[in-house]
Amino acid sequence: MSVSVDFHFDPMCPFAYQTSVWIRDVRDQIGITINWRFFSLEEINRPEGKKHPWEREWSYGWSLMRIGALLRRTDMALLDRWYAAIGHELHTLGGKPHDPAVARRLLTDIVDEAATFDAALDDPTTHDDVRADHQRVVDASGYGVPTLFVSGQCLFGPVLVDPPTGPDALKLWNVVSGMVDLPHVYELQRPKTPADAERIGRSLRPYLDGRDWVSINRGAVVDVGRLTGN
């Protein structure tokens with residue numbers, strides 16, 4: 001029987017992207033089904049008095065997810081390609097997919113750019129799609145990404161840098177999927193040494209080059225600013 005995983009992501013999050021690279025490798029090897037879902041770090045970490053992301057004409061990760069929501073209505077594979085394109089641009093190349101002009105360019109390799117971009121932003125129900133996915137995680141007491149739902153179980157993580165591939169990817173998959181059978185195991189965490197922090201900072205360099213916002217990480221496992229000295 002094929003295993004199905006709901007993978008909630010915010011396209012701006014470097015750790016969700018690293019985990020998405022890993023789980024795609026797992027999919028290629030054993031054929032699991034990945035259902036891409038959304039979660040807004042901007043909303044969950046929103047300071048009091050600041051507008052909700054759906055109250056703005058263009059709102060970085062939220063607007064990119066609205067485009068993804070429209071693509072998903074046609075085919076989950078289109079959202080798969082969209083997230084991969086956004087992630088590569090920001091987290092590998094250090095580009096700015098959250099710039100509308102760059103987002104339009106990235107869309108051209110997937111679908112009719114103008115029709116999809118404009119339709120997604122003109123359709124208020126794409127807000128509803130993103131908000132519903134986000135609320136699902138909140139209702140499960142989740143607070144960040146990557147968040148996975150496997151067989152009804154909500155799991156935060158794994159938080160990765162340099163995601164494993166091949167046999168090591170499957171080894172990690174066995175650990176993660178094994179959590180489903182152990183519902184009272186809540187947390188397992190590896191302390192980070194100064195050398196680990198330096199390595200993580202180097203890995204996040206493209207993301208930091210592309211980022212033009214201030215990260216707020218309430219309850220997050222890793223403080224990006226602290227690790228990188230920013």
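With a 4.5 Å cut-off on side-chain heavy atoms, R56 and K50 count as touching. Between F7 and P146 there is a side-chain heavy-atom pair separated by less than 4.5 Å. K171 is not listed as a side-chain neighbour of P164, based on a closest heavy-atom distance of 4.5 Å or more. Between D80 and R27, some side-chain heavy-atom pair lies under the 4.5 Å cut-off. Annotation: side chain of L160 is in contact with side chain of L172 (closest heavy-atom distance under 4.5 Å).
Here T147 contributes atom OG1 and F38 contributes atom CZ; the two are 14.5 Å apart, rounded to the nearest 0.5 Å. Between the CD atom in Q135 and the CG atom in D133 there is a gap of 11.0 Å [rounded to 0.5 Å]. A distance of 4.5 Å separates CH2 of W173 from CD1 of I32, quoted to the nearest 0.5 Å. Note that the CD1 atom of I86 and the CG atom of L107 stand 8.0 Å from one another [nearest 0.5 Å]. Here NZ of K51 is found 12.0 Å from CZ of R46. Values are rounded to the nearest 0.5 Å. Here the straight-line distance linking atom CG of L155 with atom CZ of F149 works out to 9.0 Å at 0.5 Å rounding.
Checked by atom type and distance alone, the side chain of W82 pairs as donor or acceptor with a backbone atom of L64 at under 3.5 Å. Between the side chain of H98 and the main chain of S63, no donor-acceptor pair closer than 3.5 Å is present. Checked by atom type and distance alone, the side chain of Q29 pairs as donor or acceptor with a backbone atom of G166 at under 3.5 Å. The backbone N or O of D123 sits less than 3.5 Å from a side-chain atom of R66, completing a donor-acceptor pair. In this structure, D10 contributes its side chain and L41 its backbone to a donor-acceptor pair below 3.5 Å. Counting only distance, with no hydrogens or angles, the side chain of S203 and the backbone of I200 share no donor-acceptor pair below 3.5 Å.
Judged purely by distance below 3.5 Å, without hydrogens or angles, the side chains of W62 and H127 pair a donor atom with an acceptor atom.
A continuous path of Ile, Leu, Val, Met, Phe, Trp and Tyr side chains, each step under 4.5 Å between heavy atoms, connects V185 with V180, placing both in one hydrophobic cluster. Hydrophobic clustering (side-chain heavy atoms under 4.5 Å, transitive across Ile, Leu, Val, Met, Phe, Trp, Tyr) groups Y17 together with I34. Side-chain heavy atoms closer than 4.5 Å link hydrophobic residues (I, L, V, M, F, W, Y) into clusters, and following such links, possibly through other members, connects V102 to L90. V161 and L93 are assigned to two separate hydrophobic clusters, defined by single-linkage of ILVMFWY side chains at heavy-atom distances under 4.5 Å. V137 and I44 fall within the same hydrophobic cluster, where Ile, Leu, Val, Met, Phe, Trp and Tyr residues are linked whenever their side-chain heavy atoms come under 4.5 Å apart, directly or through other members.
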Item to check | Residues W58, F117; criterion ring pair (Phe, Tyr, Trp, His ring centres under 6.0 Å); working and verdict | outcome: CA-CA 12 Å; W58 177 264; F117 187 97; 5.6 Å; yes

Item to check | Audit row: M179, L148, side chain to side chain contact (heavy atoms under 4.5 Å, CB included) steps and yes/no | outcome: CA-CA 11 Å; M179 289 280 290; L148 312 182; over 6 Å; no

Item to check | Step-by-step side chain to side chain contact (heavy atoms under 4.5 Å, CB included) determination, V21 to Q18 | outcome: CA-CA 5 Å; V21 172; Q18 296 275 355; 5.7 Å; no

Checklist entry - side chain to side chain contact (heavy atoms under 4.5 Å, CB included) between H88 and L106: does it pass, once the steps are laid out? => result CA-CA 10 Å; H88 181 71; L106 295 174; over 6 Å; no

Item to check | Stepwise side chain to side chain contact (heavy atoms under 4.5 Å, CB included) check, E89 with R105 | outcome: CA-CA 11 Å; E89 181 71 21; R105 172 175 61 79; 3.1 Å; yes

Item to check | CA sep, side-chain torsions, deciding dist, call: R24, D28, salt bridge (charged side-chain N to carboxylate O under 4.0 Å, His left out) | outcome: CA-CA 6 Å; R24 283 188 171 101; D28 291 345; over 6 Å; no

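Each of R136, R73, R37 was evaluated against D129; a single residue qualifies, R73, per the salt bridge (charged side-chain N to carboxylate O under 4.0 Å, His left out) test. A salt bridge (charged side-chain N to carboxylate O under 4.0 Å, His left out) with R104 holds for exactly one of D109, D112, D118; it is D118. Of the candidates N35, L71, T33, N35 is the only one forming a side-chain contact (heavy atoms from CB on, under 4.5 Å) with M76.
More than 12 heavy atoms of other shown residues, nucleotides or ligands fall within 6.0 angstrom of atom CD in E55. Other residues, nucleotides and ligands contribute over 12 non-hydrogen atoms within 6.0 Å of the CG atom of L182.
Among all heavy-atom pairs drawn from M12 and P97, the shortest one is CE-CG, 4.5 Å. G68 and L79 make their closest contact through CA-CD1, 3.6 Å (heavy atoms, listed as atom of the first residue, atom of the second, distance). Between T19 and P158, the closest heavy-atom pair is OG1-O, 2.6 Å. Taking both residues in full, the closest heavy atoms of W22 and A169 are given as NE1-O, 3.0 Å, listed atom of the first, atom of the second, then distance. P11 and H91 get closest at one heavy-atom pair: O-NE2, 3.1 Å. Between S40 and H134, the shortest heavy-atom contact is N-ND1, 3.0 Å.
Taking the ring centroids of H8 and F39, they lie at or beyond the 6.0 Å cut-off.
Between F9 and Y83, the ring-plane angle classifies as parallel under the 30° and 60° cut-offs.
Salt bridge absent: D196 and R199 never bring a charged side-chain N and a carboxylate O closer than 4.0 Å.
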